[in-house]
Amino acid sequence: SNMDHHIYPGLSVSAQTLIKHGVILGTGELDIVAAACCDEYDITIKEFKSRTRLRTLADARKIFYLICRRDLHKFTCQRLGTYTGRDHSTVTVAVQRAAELTEIDRSFRVKYNHAKMIARQRLKLNGYEFNGMPEAQI
C-alpha cells in the first residue's frame, strides 16, 4: 500500500495501532473487498483493474463481483463495473459465472470463501457492517 509505515504524530494511540496493523482508514468498502481478492491471488490492484484477461486476474474479479453482489448485496452491477472499468453487462455475466464456479470448481470455491472471510474481517475492523450471509462452509 502507499501508506507510509511510520506512525503519524497527533493521532490517538488506537488510530496508531490500527495503522500499524494495516487497517485501511477512510477507504471505501469496494477498496477493502478488492484488496482481499488481490491478496488471495497475489496480484496488485492495478492488475486487478487492468484490461488484462489472464485467468488469475479474471478469477479475482469474479470473486470480487460475487462478494459485492451476493454477500454485501448493496452495490449495483453498474457501480461495480465503473469501479473495475467494465460495463454492467460484463459484471452481470461474471457474477453468474462466479456463482456457477463456486458450485463446480473446488479451488475457486476455497479462494472465494477465504477472500470473503478476509474481506468480512477487514470491513469490520474499518467499521463497516458486513450484512452478508453467515459464514459459508468450505
Side-chain angles (χ1 to χ4, degrees):
S1 86
N2 55 10
M3 181 177 277
D4 296 340
H5 285 291
H6 60 269
I7 296 302
Y8 297 80
L11 277 182
S12 71
V13 173
S14 62
Q16 291 187 15
T17 305
L18 290 179
I19 289 175
K20 215 188 301 182
H21 290 92
V23 173
I24 310 160
L25 293 169
T27 309
E29 290 155 287
L30 292 175
D31 289 342
I32 292 171
V33 177
C37 297
C38 288
D39 289 352
E40 193 60 38
Y41 284 93
D42 198 24
I43 60 174
T44 66
I45 193 74
K46 193 167 181 245
E47 289 172 314
F48 175 82
K49 289 185 174 185
S50 73
R51 302 305 302 164
T52 313
R53 295 171 81 165
L54 283 172
R55 170 77 188 272
T56 51
L57 305 185
D59 280 358
R61 289 177 204 123
K62 283 190 188 80
I63 285 178
F64 169 78
Y65 295 140
L66 192 60
I67 291 171
C68 290
R69 290 290 297 154
R70 191 166 79 177
D71 303 304
L72 287 172
H73 51 77
K74 65 192 290 184
F75 297 103
T76 62
C77 288
Q78 185 68 60
R79 175 83 181 82
L80 296 173
T82 302
Y83 181 80
T84 54
R86 278 140 179 94
D87 62 47
H88 75 96
S89 59
T90 303
V91 177
T92 306
V93 171
V95 169
Q96 290 164 347
R97 182 67 185 134
E100 285 169 17
L101 285 170
T102 60
E103 300 294 320
I104 61 174
D105 180 335
R106 184 176 184 280
S107 71
F108 184 90
R109 181 169 64 249
V110 168
K111 281 189 165 351
Y112 161 71
N113 280 319
H114 189 253
K116 184 171 61 169
M117 184 184 74
I118 298 300
R120 176 186 278 111
Q121 287 172 351
R122 292 181 188 170
L123 286 166
K124 276 190 183 154
L125 276 173
N126 284 279
Y128 292 107
E129 276 305 305
F130 188 106
N131 53 4
M133 299 165 201
E135 201 55 67
Q137 297 304 305
I138 295 181

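Throughout, residue positions are numbered sequentially from 1 according to the sequence presented. No hydrogens, no waters, no symmetry mates; every other heavy atom, side chains included, goes into these values.
Judged by distance alone, the side chain of Arg109 and the main-chain N or O of Leu101 form no donor-acceptor pair under 3.5 Å. Without hydrogens or angle criteria, Asn126 side chain to Arg122 main chain gives a donor-acceptor distance under 3.5 Å. The closest donor-acceptor contact from the side chain of Arg51 to the backbone of Gly85 lies under 3.5 Å.
In plain terms, the two heavy atoms of Ala115 and Ile63 that are nearest each other are CB-CG2, 4.0 Å. The heavy-atom pair separating Leu66 from Val95 by the smallest distance is CD1-O, 3.9 Å. Across Val33 and Cys68, no two heavy atoms sit closer than the pair CG1-SG, 4.0 Å. Across Ala98 and Phe108, no two heavy atoms sit closer than the pair O-CE2, 3.5 Å. Nearest heavy-atom pair, Phe75 versus Arg69, reported as atom, atom and distance to 0.1 Å: O-NH1, 2.6 Å.
Taken to the nearest 0.5 Å, the CG atom of Leu123 stands 11.5 Å off from the CD1 atom of Ile118. Put simply, CD1 on Ile67 and CG on Leu30 are 11.5 Å apart, with the number rounded to the nearest 0.5 Å. Atoms OG1 and CG, from Thr44 and Asp39 in turn, are 11.0 Å apart once rounded to the nearest 0.5 Å. Once rounded to the nearest 0.5 Å, the distance linking SG of Cys37 with CG of Leu57 reads 12.0 Å. Rounding to the nearest 0.5 angstrom, the gap separating the CG atom in Asn113 from the CD atom in Glu40 is 9.5 Å. Distance check, rounded to the nearest 0.5 Å: CZ of Arg120 to CG of Leu125 gives 13.0 Å.
Judged by distance alone, the side chains of Thr56 and Asp59 never bring a donor and an acceptor atom under 3.5 Å apart. Asp71 and Tyr112 share a side-chain donor-acceptor pair at under 3.5 Å.
Contact of the Tyr83 side chain with the Lys49 side chain is registered, since non-hydrogen atoms from C-beta on lie closer than 4.5 Å.
Under the 4.5 Å side-chain heavy-atom criterion for Ile, Leu, Val, Met, Phe, Trp and Tyr, Val93 and Leu80 are members of distinct hydrophobic clusters.
Taking the six-membered ring for Trp and thresholds of 30 and 60 degrees, Phe48 and Phe64 have ring planes more than 60 degrees apart, a perpendicular arrangement.
Salt bridge annotation for Lys62-Asp105: absent, with no cationic side-chain nitrogen under 4.0 angstrom from a carboxylate oxygen.
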For this session: Check the pair Thr90 / Arg61 against side-chain contact (heavy atoms from CB on, under 4.5 Å), numbers first and verdict last.
Result: CA-CA 11 Å; Thr90 303; Arg61 289 177 204 123; over 6 Å; no
